[in-house]
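The structure under discussion appears below in the form of structure tokens.
For this chain, numbers begin at 1 and follow the sequence in order.
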Amino acid sequence: MPHSTILHVRSTCGLYGAERALLSLAASTPSPWRAQVCSLVPPGRVDVLSGAAREQGLDALTLEVPGRFSAMAVATLASEVRRRGVGLLHAHDYKSLTLGAAASALAGVPLVATYYGDTGATPALIAYEGFARVLGNCTRAVAAVSRELTARLRRYVHRSPVVYIPNALPLAAECTEAERLQAREALGLAPEGSVIALVGRLSVEKGPQVLLDAMQRLVRTPGATVPTLLLVGDGPLRDSLEAQAQGLPVRFLGFRSEVRSVYAAADAVVMPSLREGMPLVALEAMALGRPLVASGVGELPHVLGTGRGLVVPPGDAGTLASALAGLLTAPGWRTRMAQAAREYVVTHHAPERMANRYIESLYLPALMDPREEQVAAG
């Protein structure tokens, strides 16, 4: 197949959900397509994305980009596109989309993009993310990872099709009882007693501050089960969260490349996010057989459905505390919920399914010659 090499480009500061979704897509893209990864990093920053890509057998490169935009980086990216015989650029965030739009024009290759959702963390990011939505018009096609995000993007992107393609991840075996006991011993936790986990970047949009508020409410509620909270991840809220957690049974575990043991130790996983697209943490927890309590944002209400998890209003610490209190005292309920959740993920979120949808909905239409498009349309 001509022009079958795809270069995935993302600006990254760690190995979080969007990076893992990108790697899952690249690794599951079938022959004769060939996926490569380009990681955009500030000068001197460790490039974890390219390292993880190479561990999966993918060809990867690191491109240092000072600031938000660099003409030199655009020229280097375009040069790499030509040298590697890349036929399609695939941008995965606002910075890669900005550089990719310029590089695709310079190298003469089409551009597609995936949107994972806005963070809205700072006024500057709000502006950049708004600009990125408009830049969707410079692509041949756009994918959004949630239905809500798809509808929102269609208000800004008029020149390119916007399609909904949910995230996926390699499916692992469920956590066993033996793993639970081993994980708790390794973490210094008692075999019994309630444990919950939050896995993700410690930033405002992920809502860890809301979960700590819920924990404080549980402590003040007579007779309520107060779980040990495992916080996995790092980010700008780390110091303020540590101050907020004073006197609470909270363990800050920092960023971990391996999180299966944390899921194994937990009775439930919590996602108190204020904004989301289709978070891989949710799919990961569901695939491993861990019940999920999550805010009703992004694709989460659709994924959790009825009986596959608990959905609470975003930012509502009181309702979150009540949901945790009920779930942690009902082991049979947790088991039924976890079984239904895993069955759903296995059926709907296999990585091969995601890769095929990208090929059919984005890659093939993007690579079609404009004259062929006119024939197909007419």
Side-chain angles (χ1 to χ4, degrees), residues 2-12 18-19 21-22 25-26 29 33-40 63 65 68-71 73-75 77-78 80-82 84 86-118 127-167 277-278 354-374 376-377:
H3 307 300
S4 59
T5 298
I6 306 146
L7 183 61
H8 296 274
V9 189
R10 179 169 173 84
S11 171
T12 181
E19 287 82 6
L22 182 161
L25 170 60
T29 301
W33 300 87
R34 296 184 299 278
Q36 301 179 2
V37 176
C38 175
S39 182
L40 308 178
L63 182 58
V65 183
R68 300 291 180 182
F69 185 84
S70 164
V74 169
L77 180 57
E80 286 290 336
V81 165
R82 288 189 290 262
R84 293 165 175 265
V86 170
L88 181 67
L89 276 172
H90 188 158
H92 289 264
D93 69 304
Y94 72 87
K95 189 171 184 178
S96 65
L97 181 53
T98 304
L99 269 66
S104 70
L106 192 60
V109 299
L111 172 72
V112 298
T114 295
Y115 290 75
Y116 296 93
D118 296 338
Y128 287 125
E129 288 165 345
F131 178 60
R133 290 195 291 272
V134 176
L135 271 182
N137 291 288
C138 297
T139 69
R140 290 284 184 90
V142 164
V145 300
S146 74
R147 293 171 176 85
E148 182 273 336
L149 182 57
T150 301
R152 182 148 41 98
L153 282 172
R154 284 174 177 161
R155 297 200 294 267
Y156 297 88
V157 182
H158 305 291
R159 298 183 60 186
S160 306
V162 181
V163 296
Y164 160 60
I165 304 179
N167 284 336
M278 175 60 263
M354 172 182 63
N356 286 330
R357 291 185 67 175
Y358 267 100
I359 290 171
E360 295 168 3
S361 300
L362 259 71
Y363 299 162
L364 287 175
L367 290 170
M368 184 181 292
D369 184 278
R371 289 167 296 182
E372 295 178 8
E373 274 189 326
Q374 292 175 2

Taking side chain as C-beta onward, heavy atoms only, is [X] less than 4.5 Å from [Y]?
X	Y	value
Thr114	Tyr358	yes
Glu19	Ser39	no
Arg140	Met368	no
Ser4	Arg34	yes
Thr150	Val163	no
Leu97	Thr139	yes
Leu63	Val9	no
Leu40	Leu99	yes

Find the distance between [atom1] ([X]) and [atom2] ([Y]) and round it off to the nearest 0.5 Å.
X	Y	atom1	atom2	result
Tyr164	Arg357	OH	CZ	6.5 Å
Tyr128	Leu135	OH	CG	12.5 Å
His90	Leu25	NE2	CG	6.5 Å
Phe69	Thr98	CZ	OG1	7.5 Å
Leu7	Arg84	CG	CZ	7.0 Å
Met354	Met278	CE	CE	11.5 Å

Under 3.5 Å, side chain of Tyr156 to main-chain N/O of Gly130, donor-acceptor pair present?
no
Under the criterion side-chain contact (heavy atoms from CB on, under 4.5 Å), I'd like the reasoning laid out for Lys95 against Val65: C-alpha separation, chi angles, the key distance, then a yes or no.
CA-CA 10 Å; Lys95 189 171 184 178; Val65 183; 3.7 Å; yes
Go through Leu153 and Arg133 one step at a time and tell me if the side-chain contact (heavy atoms from CB on, under 4.5 Å) criterion holds.
CA-CA 7 Å; Leu153 282 172; Arg133 290 195 291 272; 3.8 Å; yes
Are Ser96 and Arg10 close enough that a side-chain donor and a side-chain acceptor fall under 3.5 Å?
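Looking only at side-chain atoms, Arg10 and Ser96 do not form any donor-acceptor pair under 3.5 Å.
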Does the side chain of Tyr363 pick up a donor-acceptor pair with the side chain of Thr29 at under 3.5 Å?
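Side-chain D/A pair, Tyr363 to Thr29: absent.
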Would one find more than 12 heavy atoms of other residues, nucleotides or ligands at under 6.0 Å from atom CZ of Phe131?
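No, because the 6.0 Å sphere around CZ of Phe131 holds 12 heavy atoms or fewer from other groups.
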Worked check of side-chain contact (heavy atoms from CB on, under 4.5 Å) between Val112 and Ile6:
CA-CA 10 Å; Val112 298; Ile6 306 146; over 6 Å; no
Where do [X] and [Y] come nearest, in terms of heavy atoms and distance?
X	Y	result
Ala366	Leu88	CB-CD1, 3.9 Å
Ala107	Ala78	CB-O, 4.0 Å
Cys38	Leu77	SG-CD1, 4.2 Å
Gln36	Thr5	NE2-CG2, 3.8 Å
Gly87	Leu367	O-CD2, 3.3 Å
Ser361	Ala141	O-CB, 4.4 Å

Hey, can you tell me if Tyr116 and His92 have their rings parallel, tilted or perpendicular (30° and 60° cut-offs)?
parallel
Using 4.0 Å as the upper bound for N to carboxylate O, is an ion pair formed by Glu148 and Arg152?
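Salt bridge present between Arg152 and Glu148.
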Please test Leu362 against Ile165 for side-chain contact (heavy atoms from CB on, under 4.5 Å), starting from the C-alpha separation and ending with a verdict.
CA-CA 10 Å; Leu362 259 71; Ile165 304 179; 4.0 Å; yes
